[in-house]
Amino acid sequence: MTDPAVADTRRLNSKPQDLTDAYGPPSNFLEIDVYDPQIVGVGRNRYTNYEVRMRTNLPIFKLKDSCVRRRYSDFEWLKNELERDSKIVVPSLPGKALKRQLPFRGDEGLFEESFIEERRSGLEQFINRIAGHPLAQNERCLHMFLQEESIDRNYIPGKV
Amino acid sequence: MSFFGFGQSADIDIVLNDAETRKKAEHKSEDGRKDKYFLFYDGETVSGKVNVTLKYPGKRLEHNGIKIEFVGQIELYYDRGNHHEFVSLVKDLARPGELTQSQTFDFEFTHVEKPYESYTGQNVKLRYFLRATVGRRLNDISKELDIVVHTLSTYPELNSSIKMEVGIEDCLHIEFEYNKSKYHLKDVIVGKIYFLLVRIKIKHMEIDIIKRETTGTGPNVYHENDTMAKYEIMDGAPVRGESIPIRLFLAGYEMTPTMRDINKKFSVRYYLNLVLIDEEERRYFKQQEITLWRKGDIVRKSMSHQAIIASQRFEGSSNPEKSQTPSNAEEDS
């Protein structure tokens, strides 16, 4: 007998949870590591590239475990593609460090260990943030960046 | 509030006949201060006395007439000069003449219609007041007495629950349910959020109550949103099949009933905003309107004394002096 003067605050009925759902792996697994910086090239054409490894169980990604090498300008390319084609507010990249490219520095410039580590960490944060965005996951550029060996800058932009 | 002319020779004040017994209600003014005013309902008679006190006994007060008005008006802050009066009643208390001594005048506005609830908002104010005026050649002497009006409703016949499945394709699917669509101001929102698909990393979930005040018409419509409440209902990452309960007590928040298109001038509506926040601080939300209504504080004579205390304690009585601890209640009976 419910008395309307006293509110009924009993929980609403809900379906009991399936135990495989409760204890199984979550459907949102996505981890990207940016590591193993390597200096490539000779003399003035040297640059650093990083290993970008993605592990996921999201169905939208073709490969559940992928590994590619990318350099800073590849990350810049990805940021520009996403800013142009999608409505997402794209997170910021670590700085371009133009000053480090000038001569007569007291240190190793672009190849200074601490700088590379700072950049590596910033790039890792960037790619994890953007790869988890539901709208970014629809963009071809993100899939190409993460899962294809090399980036084809002449690709046709579009949705997956 | 009284208007003092230069060299005012008399004071007016308005006293209600039932000032001793009539309840008062708190109402927040434009500057945020909370004051208490006499509380009236639609149809109630407003009666009392106007006291005109001569400051200098012996000196006559010439006047162009003494009257009292009962006014209900809407004031839009961006258009202060124009008051939209939706109730305007006048009683003449004295014809033009002179007062040789202080005098008291009786007045009664019988069964006055008060169709809307008093409201003081961000861009609009709806108020009721009595205004007594002694007409003078140069400056009238007048005094206003504000009152507060509450509009009461009864339990709606139809009060369906709100149940909906929403989401982002292949990323997040949830089904949310709220037990009612119409809640009274001391009600409890009972609901649940059921997760059908979770492919994003959720950090926590909250439910907000948003008040939207709409003023203006046509191309000049202006919405002012105000978050009245933020209540976290989940901390951590849910998975498929999990059900998160909601139990939100409305009595803890200062809200008004839903007001729709009041005198075609403004609206005040309330929305439940379900917000999910992921690990990268991205927000996913779903807004749903609810109707709020005011229930009368009527105590049914058939209930036992204890039951009355219990129901008031549970829902929160509008009279603080009536709420008692259990031991006090037992001592009294």
Side-chain angles (χ1 to χ4, degrees), chain A residues 1-32 55-62 64 82 86-92 122 124-139 142-143 159-160, chain B residues 154-155 161 163 167-172 175-180 183-184 186-202 237-251 278-282 284 295 297-300 303 307-308 310-315:
Chain A
M1 176 187 74
T2 42
D3 180 355
V6 180
D8 183 359
T9 60
R10 287 174 299 180
R11 285 191 186 186
L12 298 180
N13 290 329
S14 48
K15 280 184 278 224
Q17 188 180 25
D18 193 85
L19 286 180
T20 46
D21 285 336
Y23 294 103
S27 331
N28 59 4
F29 179 63
L30 174 67
E31 268 174 31
I32 304 176
R55 279 167 298 180
T56 184
N57 64 4
L58 298 181
I60 198 163
F61 291 106
K62 272 212 209 93
K64 301 299 175 254
L82 289 171
S86 73
K87 300 185 204 120
I88 307 165
V89 173
V90 184
S92 46
E124 193 173 72
Q125 258 183 46
F126 168 84
I127 193 63
N128 273 289
R129 274 190 91 168
I130 197 63
H133 196 306
L135 291 180
Q137 286 168 5
N138 290 333
E139 298 291 329
L142 180 71
H143 291 261
K159 309 268 182 267
V160 154
Chain B
T154 49
Y155 278 97
S161 65
K163 189 167 176 170
I168 299 172
E169 194 71 33
D170 295 331
C171 283
L172 174 68
E175 185 191 75
F176 69 86
E177 186 178 342
Y178 305 127
N179 63 332
K180 301 182 201 176
Y183 292 94
H184 62 80
K186 303 217 190 310
D187 214 331
V188 188
I189 299 176
V190 175
K192 73 176 206 285
I193 309 296
Y194 180 76
F195 288 91
L196 292 153
L197 181 71
V198 189
R199 292 209 182 117
I200 55 170
K201 294 179 188 176
I202 297 172
V239 293
R240 176 171 60 197
E242 270 191 83
S243 211
I244 303 298
I246 299 169
R247 186 185 290 160
L248 181 52
F249 289 84
L250 295 177
D278 74 12
E279 300 226 329
E280 302 295 346
E281 306 296 325
R282 287 182 283 257
Y284 307 77
K295 185 160 78 89
D297 278 335
I298 298 162
V299 170
R300 287 170 297 174
M303 287 170 86
I308 292 167
S311 73
Q312 285 175 344
R313 222 187 321 126
F314 184 92
E315 290 182 291

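Residue numbers begin at 1 in each chain, while the letters A, B, ... track the order of the sequences.
Comparing B:A237, B:G191, B:S161 by how many heavy-atom pairs each has under 4.5 Å with chain A, the most go to B:G191. Your options are A:P16, A:P59, A:G24, and the one with the most heavy-atom pairs under 4.5 Å with chain B is A:P59. Ranked by non-hydrogen atom pairs under 4.5 Å with chain B, the options A:V89, A:L135, A:L58, A:I60 are led by A:L58.
Atom CG of residue A:L12 and atom NZ of residue B:K192 lie 6.0 Å apart, to the nearest 0.5 angstrom. Here the CG atom belonging to B:D170 is positioned 11.5 Å from the OG atom belonging to A:S27, to the nearest 0.5 angstrom. Within the model, atoms CD1 of B:I189 and OG1 of A:T9 stand 13.0 Å from one another, a figure rounded to the nearest 0.5 Å. Put simply, CG on B:N179 and CZ on A:R11 are 14.0 Å apart, with the number rounded to the nearest 0.5 Å. A distance of 15.0 Å separates CZ in A:F29 from CZ in B:R199, rounded to the nearest 0.5 Å. Here the CG-CZ distance, from A:D18 to B:R240, works out to 8.0 Å after rounding to the nearest 0.5 Å.
When all heavy atoms are compared, the tightest approach of A:A22 to B:V239 is CA-CG2, 4.5 Å. The two residues B:C171 and A:Q137 make their nearest non-hydrogen contact at SG-OE1, 4.1 Å.
Qualifying side-chain hydrogen bond (donor to acceptor under 3.5 Å, both in side chains) partners for A:Q17, counting only residues two or more places apart in sequence or in other chains: none.
Counting only distance, with no hydrogens or angles, the side chain of A:K15 and the backbone of B:G241 share no donor-acceptor pair below 3.5 Å.
Both the backbone and the side chain of A:L30 come within less than 4.5 Å of a heavy atom of chain B. With a 4.5 Å cut-off on non-hydrogen atoms, A:N138 does not touch chain B at all. Neither the backbone nor the side chain of B:E279 comes within contact range of chain A; no heavy atoms are under 4.5 Å apart.
Within 6.0 Å of NZ in A:K64 there are more than 12 heavy atoms belonging to other residues, nucleotides or ligands.
Every pair passing salt bridge (Lys or Arg N to Asp or Glu O under 4.0 Å) that includes a residue from residues 127-139 of chain A is listed here, sequence neighbours excluded: A:R129-B:E280, A:E139-A:K159.
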